[in-house]
Each structure stands twice: as structure tokens, then as C-alpha cells.
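For reference, the structure is listed below as C-alpha cells.
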Amino acid sequence: MRVGPTMIELGPALAVAVVLFVVIGTAAAWLGRTGLEREVPWASIRAAVQLIVLALVIGYVADRAWLVGVFVVVMATTASWAAAGRLARRSNPQARMARASGTQAPKTWVLGMRARVRDALWCALPVAVPPVVVVAGLIAAGVVRPNGLSIIPVVGIFLGNAMAITGLAGRRAHDELEVRHGEVEAALSLGFTDYPARMMVCREAAATALSPSLDQTRTIGLVTIPGAFVGMILGGAEPWQAGVMQLFVSTGILACGAIALVVTTLLVAVDRL
């Protein structure tokens with residue numbers, strides 16, 4: 001079965017290629033002693049299941065506005081929860097005390113879960129709010145069509161990148177604060193309050209989280225051929241149409257990513273994440 005005007009065939013050979021990719025990735029992780037040899041196949045299996053579910057669900061909800069809204073909320077909640085997991089750089093202080101004192105595991109788990117929920121709520125600010133607000137503005141301006149087949153992919157792209165930047169920015173900010181803890185203490189001793197003292201240390205490190213998105217945007221068409229462009233070509237669109245769509249996606253990613261970076265750094269500096 002040929003997809004669009006291209007030479008990609010849906011059949012046994014494609015299935016074998018996908019399985020080989022998983023095997024190669026797992027083998028490379030195992031040979032490199034990365035400790036991720038189980039994560040590669042699990043992530044691949046999970047992706048396959050989720051894509052099957054997405055294909056079934058998106059066709060059903062596309063023409064039902066309220067279901068599109070529910071789907072977007074689910075996506076935003078999942079992205080915020082995932083970002084909070086990446087930012088689990090510290091345990092809840094009460095949970096740490098519970099483990100140290102030998103308190104029962106269920107209580108420790110509850111404390112940890114409360115901290116995760118709290119972090120997820122804060123993560124919603126950089127992860128979920130910018131993409132949703134941006135896409136709502138695009139719908140109002142008539143740029144994005146008000147139907148599920150348009151809204152869900154665009155929100156998903158922006159959410160995914162905001163989630164990645166939030167997780168990376170938060171972890172790098174906390175790593176920098178841990179390594180340069182003495183500088184924070186020195187600034188406090190000079191009369192600075194917590195926020196400016198922490199911000200001076202973590203801002204530059206956190207800013208590197210936007211570098212992958214910047215590099216990809218700079219090298220579009222020279223090194224990278226991103227997914228939106230390829231997807232439209234596979235769907236039969238003209239190359240110039242695919243180029244315009246990719247420019248829209250890439251600049252939107254930078255806009256949401258920059259907002260996510262700034263908000264995440266701010267939340268780390270004020271010790272909310």
C-alpha cells in the first residue's frame with residue numbers, strides 16, 4: 001500500500017524496518033552501558049499503542065468541538081505531568097524525612113505523589129498555558145481552522161516542545177544551583193533576596209534548553225527536514241505549501257518554547273519547581 005505520491009509502502013517490509021530500529025536502538029543502549037536498554041523497547045511499544053489509539057480517537061472527536069476540548073485538556077495534563085516527572089530533582093522534604101526515619105512506604109508514596117501533583121500544577125504554566133493561548137489566538141485570527149484535525153496536531157506539536165524545554169530548563173537550572181550553591185549563599189550574605197540570588201546563578205544554564213530548537217530552526221533545509229514538511233509532502237502537498245507550514249510550526253515552537261523557558265526559570269528561581 002503506497003502512501004501518497006511517495007515510495008513509502010505500508011506492508012511487511014515496513015513492519016520489519018520498525019522492529020529493526022527498536023532492536024538497533026536497544027542494542028546500542030545495552031552495548032554503551034547506558035542503562036536505557038529497557039527504556040528503548042518500552043518507549044517504542046508505548047508509542048505504537050498510543051498512535052493506534054490516537055488514530056482511532058482523532059477520527060471520532062475531530063468533528064465534535066467539546067470532545068476536541070477534552071482531548072486538548074488530556075494532552076495538556078499529560079504533558080504537565082511528564083514535565084513534573086523530569087523535574088523530580090528533589091524529593092519532598094517530608095518524604096525524605098519519612099524515608100530516613102523508616103516510616104511506612106505507603107505514607108512516603110503519598111507524600112511523593114502530593115509533591116508530584118504540586119509540581120505538575122506549576123508545570124502547567126510553562127507547558128500548557130502558552131500553546132493553548134497561542135493556538136486559541138490563531139483560531140480567532142483564522143490561521144488555524146476550528147476543527148479537531150487542525151487543532152489537535154498544532155497543539156500537540158507546541159505542547160510537546162514546551163514540555164521538553166520545561167523539563168530540560170528546570171533540570172539544568174537545578175543542577176547549576178546545586179553546583180554553585182556557594183554563590184547563592186554569597187549573594188544572600190551581601191543582602192540579595194532569594195529570587196535575584198538564585199536567578200543570577202540559574203538563568204544562563206537554563207537558557208541552553210532552547211538551543212536544540214534554535215539549532216533545528218537555523219538548519220531547516222540545510223541539515224534537517226522536519227516532520228511537518230515531510231508529513232505534508234507525504235500527503236501530496238506542493239513543496240512550497242509544506243515549506244510555509246513548516247515555517248509556521250518552527251516559529252510557533254520557538255515562541256512557545258521561549259515562553260516556557262522564561263516561566264520555568266522564574267518558577268525555579270522562586271522555588272516553586
*asked:* The test is side chain to side chain contact (heavy atoms under 4.5 Å, CB included); show your working for R86 and M163 and say whether it passes.
replied: CA-CA 9 Å; R86 295 181 183 182; M163 175 188 70; 3.9 Å; yes
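- Here Q50 contributes atom CD and T78 contributes atom OG1; the two are 8.5 Å apart, rounded to the nearest 0.5 Å.
- With rounding to the nearest 0.5 Å, the separation of OG1 in T166 from CG in L125 is 10.0 Å.
- When all heavy atoms of G148 and P153 are compared, the pair lying nearest together is O-CD, 3.6 Å.
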*asked:* Run D215 and R218 through salt bridge (charged side-chain N to carboxylate O under 4.0 Å, His left out) and show every step you take.
replied: CA-CA 5 Å; D215 291 341; R218 291 191 191 105; 2.8 Å; yes
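- Under a hydrophobic-cluster definition in which Ile, Leu, Val, Met, Phe, Trp and Tyr are linked whenever side-chain heavy atoms come within less than 4.5 Å, directly or via other members, I165 and W81 are assigned to different clusters.
- Other residues, nucleotides and ligands contribute only 12 or fewer heavy atoms inside 6.0 Å of the CD atom of E178.
- At least one side-chain heavy atom of L54 sits under 4.5 Å from a side-chain heavy atom of F71.
- Judged by distance alone, the side chain of S150 and the main-chain N or O of P146 form no donor-acceptor pair under 3.5 Å.
- Looking at R172, its side chain never comes within 3.5 Å of a backbone N or O of C202 through a donor-acceptor pair.
- In the hydrophobic clustering of ILVMFWY residues, with side-chain heavy atoms under 4.5 Å counting as a link, V53 and L149 come out together.
- The environment of CZ in R64 is crowded: more than 12 heavy-atom neighbours from other residues, nucleotides or ligands sit within 6.0 Å.
- R272 places a side-chain N or O within donor-acceptor distance of the main-chain N or O of V270, the cut-off being under 3.5 Å.
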*Stepwise, does the side chain to side chain contact (heavy atoms under 4.5 Å, CB included) test hold for V262 with L266?*
CA-CA 6 Å; V262 172; L266 173 64; 5.6 Å; no
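- Within 6.0 Å of CD in E185 there are more than 12 heavy atoms belonging to other residues, nucleotides or ligands.
- Side chain of N161 to main chain of I157: a donor-acceptor pair is present (N/O by atom type, distance under 3.5 Å, no hydrogens or angles).
- Cation-pi geometry between R198 and Y195 is not met at under 6.0 angstrom from the ring centre and within 45 degrees of the axis.
- The OG1 atom of T34 sits 5.5 Å away from atom CD of E37, with the distance rounded to the nearest 0.5 Å.
- A heavy-atom distance below 4.5 Å is found between the side chains of F248 and L138.
- Judged by distance alone, the side chain of S44 and the main-chain N or O of V22 form no donor-acceptor pair under 3.5 Å.
- In this structure, S250 contributes its side chain and L247 its backbone to no donor-acceptor pair below 3.5 Å.
- Residue A269 comes nearest to M199 through the heavy atom pair CB-CE, 3.8 Å, listed as atom of the first residue, atom of the second, then distance.
- F192 CZ: 12 or fewer foreign heavy atoms inside a 6.0 Å radius.
- The shortest side-chain heavy-atom distance between Q246 and V249 falls under the 4.5 Å cut-off.
- Both I58 and M75 are part of a single hydrophobic cluster, where members link through side-chain heavy atoms under 4.5 Å apart.
- Two residues are said to be in side-chain contact when any heavy atoms from C-beta on lie closer than 4.5 Å; C123 and L87 meet this criterion.
- A donor-acceptor contact shorter than 3.5 Å is absent between the side chain of H181 and the backbone of E176.
- In terms of modelled atom types and a separation under 3.5 Å, the side chain of T264 and the main chain of L261 share no donor-acceptor contact.
- The hydrophobic cluster containing V127 does not contain L254, counting ILVMFWY residues as joined when their side-chain heavy atoms lie under 4.5 angstrom apart, directly or transitively.
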*Could you walk me through whether D271 and D194 pass the side chain to side chain contact (heavy atoms under 4.5 Å, CB included) check?*
CA-CA 9 Å; D271 201 24; D194 284 347; over 6 Å; no
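- Residues V61 and I152 meet the side-chain proximity criterion, which asks for heavy atoms closer than 4.5 Å.
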